[in-house]
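Below, read A as the first sequence line, B as the second, and so on, with proteins coming before strands; counting in each chain starts at 1.
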Amino acid sequence: MRNVLTIEAGKRFSFWRTVFSHGWCALPPFYVDKADRSLSRVLRLENGRTVLLRMEEVPGGIRVSSPGSVKCDARFRKDAGRQIADCFRIGEDFSDFYREARRLTGYRWIARSGAGRLLRAPTVFEDVVKMICTTNCSWALTEIMVGNLCAKLGEEAEGGRFAFPTARAIARSGEAYLRKEIKTGYRSPYLLEFARRVDRGEIDPESWRSSPLPTDEIFAQVKDVKGIGPYAAGNIMKLLGRYDYLGIDSWCRAKFFELHRNGRKGPDRIIERFYEPFGKWRGLFFWLDVTKEWYRQKFPF
DNA sequence: GCGTCCAGGTCTACC
DNA sequence: GGTAGACCTGGACGC
């Protein structure tokens, strides 16, 4: 294993809080190795090559190493460093969020622990495809769908691991193939249409991360993708760094009513009203509220 | 082992 | 604008 890069992340950064921020770390081409205390990921470089990289926590940052024979020049370091920093949201400013969290009783743990960064893929395309694969099914089925996408349509990297497929690879696969081999079921035409529009350049999801457009306009563009409804769009917005939407699913809904209404159920507008005072950070406060116990349960060490 | 039912989020048709 | 039904799969359950 060869050290290839160290990414500075600052004092407030928590590697494992970010890795276990939600379910993405369990979906290929991310791989958590609890025994090795590392997160691996297959990256597609700008030169078209795919590499498997291993990431581990070091004080104030992330150490990146490679099990393979990657040419570790300045161009590689810049490219891989940018992609990994993007996944871990290193450049995102959370100071306003932490200031708000410190002000609120019951939420001070957030600033103390460095929670709040949600792990994301290097590309918005991958995040959107994965989010469609989380809709209307169990998590086990999501794992099957994403696993098949990588293993059957992604490019092979070192160690028998696969990259996430490109828009072109999905676009060329066909609906029958997606249904039969990838097990994406009725979502197949949605995935196909999205991949084809991206491949043809009709939509540019990557521009959403840096877009100066108001949040509601980006939300409308995200929701314009077939197969993306309020839940999926709200969560994609969080991965774009905009936290105005809650992205409520059945699990979060049940957890909220368990935490705040002694299990008494009600309509979603009760949840929306509860988080309205949290302003532009409400989506993040909502997510951290319902998943507060996750970290203690999932943290491997 | 087989059949049935249910959960999960979004789309479309209909009122 | 609101609602019902269809979409597809895995898992739970009963026989």
Side-chain angles (χ1 to χ4, degrees), chain A residues 22-24 26-28 118 120-121 124-153 165 167 170-171 173-198 202-203 205 208 215-240 242-259 261 263-275 282-284 286-287 289-291 294:
Chain A
H22 63 130
W24 258 210
L27 296 178
L118 303 178
R120 67 184 179 187
V124 179
F125 174 75
E126 181 180 326
D127 281 334
V128 171
V129 169
K130 283 178 170 171
M131 202 62 78
I132 291 174
C133 291
T134 68
T135 59
N136 202 22
C137 65
S138 63
W139 182 252
L141 184 54
T142 299
E143 289 181 317
I144 289 170
M145 289 187 258
V146 176
N148 286 337
L149 277 170
C150 293
K152 299 187 178 186
L153 293 173
I170 296 177
S173 65
E175 187 182 327
Y177 183 85
L178 291 175
R179 282 180 185 271
K180 190 162 181 286
E181 300 295 328
I182 311 297
K183 305 283 182 198
T184 39
Y186 71 92
R187 302 162 197 82
S188 304
Y190 304 150
L191 293 173
L192 206 54
E193 184 186 319
F194 177 60
R196 284 179 176 160
R197 288 176 72 193
V198 171
E202 290 171 15
I203 48 173
W208 294 339
T215 299
D216 53 352
E217 284 184 37
I218 298 177
F219 183 79
Q221 288 184 29
V222 173
K223 222 167 145 290
D224 194 43
V225 175
K226 276 239 178 73
I228 299 281
Y231 147 79
N235 283 302
I236 288 167
M237 293 303 286
K238 291 176 200 169
L239 299 182
L240 296 175
R242 313 232 186 179
Y243 304 98
D244 310 58
Y245 295 89
L246 302 186
I248 303 168
D249 66 5
S250 56
W251 184 86
C252 292
R253 187 178 293 117
K255 193 71 188 172
F256 171 85
F257 288 121
E258 179 193 318
L259 290 173
R261 304 233 311 171
R264 269 186 306 124
K265 293 193 172 69
D268 284 357
R269 66 173 179 277
I270 290 176
I271 307 177
E272 277 151 14
R273 272 196 217 124
F274 184 93
Y275 290 99
R282 56 189 176 272
L284 197 48
F286 169 56
W287 178 249
D289 213 5
V290 295
T291 62
W294 266 23

Subject >> Degree of bending in the helix from B/dG1-C/dC15 to B/dC15-C/dG1 once both end axes are built from five pairs, to 10° >> reply: 40°
Original post:
How far apart are the C-alpha atoms of A/Phe125 and A/Phe194, what are their side-chain angles, what is the distance that settles it, and do they pass the ring-ring contact (aromatic ring centres under 6.0 Å, His included) test?
Top reply: CA-CA 9 Å; A/Phe125 174 75; A/Phe194 177 60; 5.4 Å; yes
Subject >> Side-chain ion pair, A/Arg196 and A/Glu193, N-O less than 4.0 Å >> reply: no
Original post:
Which residues in residues 222-234 of chain A have at least one heavy atom lying under 4.0 Å from any atom of DNA chain B?
Top reply: A/Val225, A/Lys226, A/Gly227, A/Ile228, A/Gly229, A/Pro230, A/Tyr231, A/Ala232
Original post:
For A/Arg261, what residues pass the salt bridge (charged side-chain N to carboxylate O under 4.0 Å, His left out) criterion, not counting sequence neighbours?
Top reply: none
Subject >> A/Arg187: salt bridge (charged side-chain N to carboxylate O under 4.0 Å, His left out) partners, not counting sequence neighbours >> reply: none
Subject >> Nucleic acid contacts of residues 141-151 of chain A, taken as heavy-atom distances under 4.0 Å to DNA chain B >> reply: none
Original post:
Among all residues two or more places apart in sequence or in another chain, which pass the salt bridge (charged side-chain N to carboxylate O under 4.0 Å, His left out) test with A/Lys180?
Top reply: none
**OP:** Work out which heavy atom in A/Gly147 is nearest to a heavy atom in A/Pro28; give both atom names and the distance.
**Re:** CA-CG, 4.0 Å
**OP:** Could you check whether A/Ser138 gets within reach of a base, just the sugar-phosphate, or nothing at all, counting any heavy atom under 4.0 Å?
**Re:** nothing
Acceptor/donor pairs from residues 226-240 of chain A side chains to any protein atom, 3.5 angstrom cut, sequence neighbours excluded:
residue  : atom : partner  : partner atom : Å
A/Tyr231 : OH   : A/Thr134 : OG1          : 2.6
A/Asn235 : OD1  : A/Lys238 : NZ           : 3.1
A/Asn235 : ND2  : A/Tyr231 : O            : 3.0
A/Asn235 : ND2  : A/Gly247 : O            : 3.1
A/Lys238 : NZ   : A/Leu246 : O            : 2.7

**OP:** May I ask you to decide if A/Leu178's main-chain N or O and A/Ser173's side chain share a donor-acceptor pair within less than 3.5 Å?
**Re:** no
**OP:** Heavy atoms only: give me the nearest A/Ile132-A/Leu191 pair and the separation to one decimal.
**Re:** CG2-CD2, 3.7 Å
**OP:** Tell me, please, the opening and closing nucleotides of DNA chain C, 5' to 3', among those with an atom under 4.0 angstrom from a non-hydrogen atom of chain A.
**Re:** C/dC7 to C/dG10
Subject >> A/Val290 to A/Lys255 - nearest heavy-atom pair and separation >> reply: O-CG, 3.4 Å
Original post:
ring pair (Phe, Tyr, Trp, His ring centres under 6.0 Å) with A/Trp251: which residues, sequence neighbours excluded?
Top reply: A/Trp294
**OP:** Check A/Val129, A/Ile182, A/Leu149 against A/Pro165 for a side-chain contact (heavy atoms from CB on, under 4.5 Å) and give me the one that passes.
**Re:** A/Leu149
**OP:** Taking ring pair (Phe, Tyr, Trp, His ring centres under 6.0 Å) as the test, write out the residues that go with A/Tyr190, two or more places apart.
**Re:** none
Original post:
According to the salt bridge (Lys or Arg N to Asp or Glu O under 4.0 Å) rule, which pairs have a member within residues 242-251 of chain A, sequence neighbours left out?
Top reply: none
Original post:
Going by the angle between their ring planes, with limits at 30° and 60°, are A/His22 and A/Trp287 parallel, tilted or perpendicular?
Top reply: perpendicular
Original post:
Contact boundaries of DNA chain B with chain A (under 4.0 Å, heavy atoms), 5' to 3'?
Top reply: B/dG8 to B/dT12
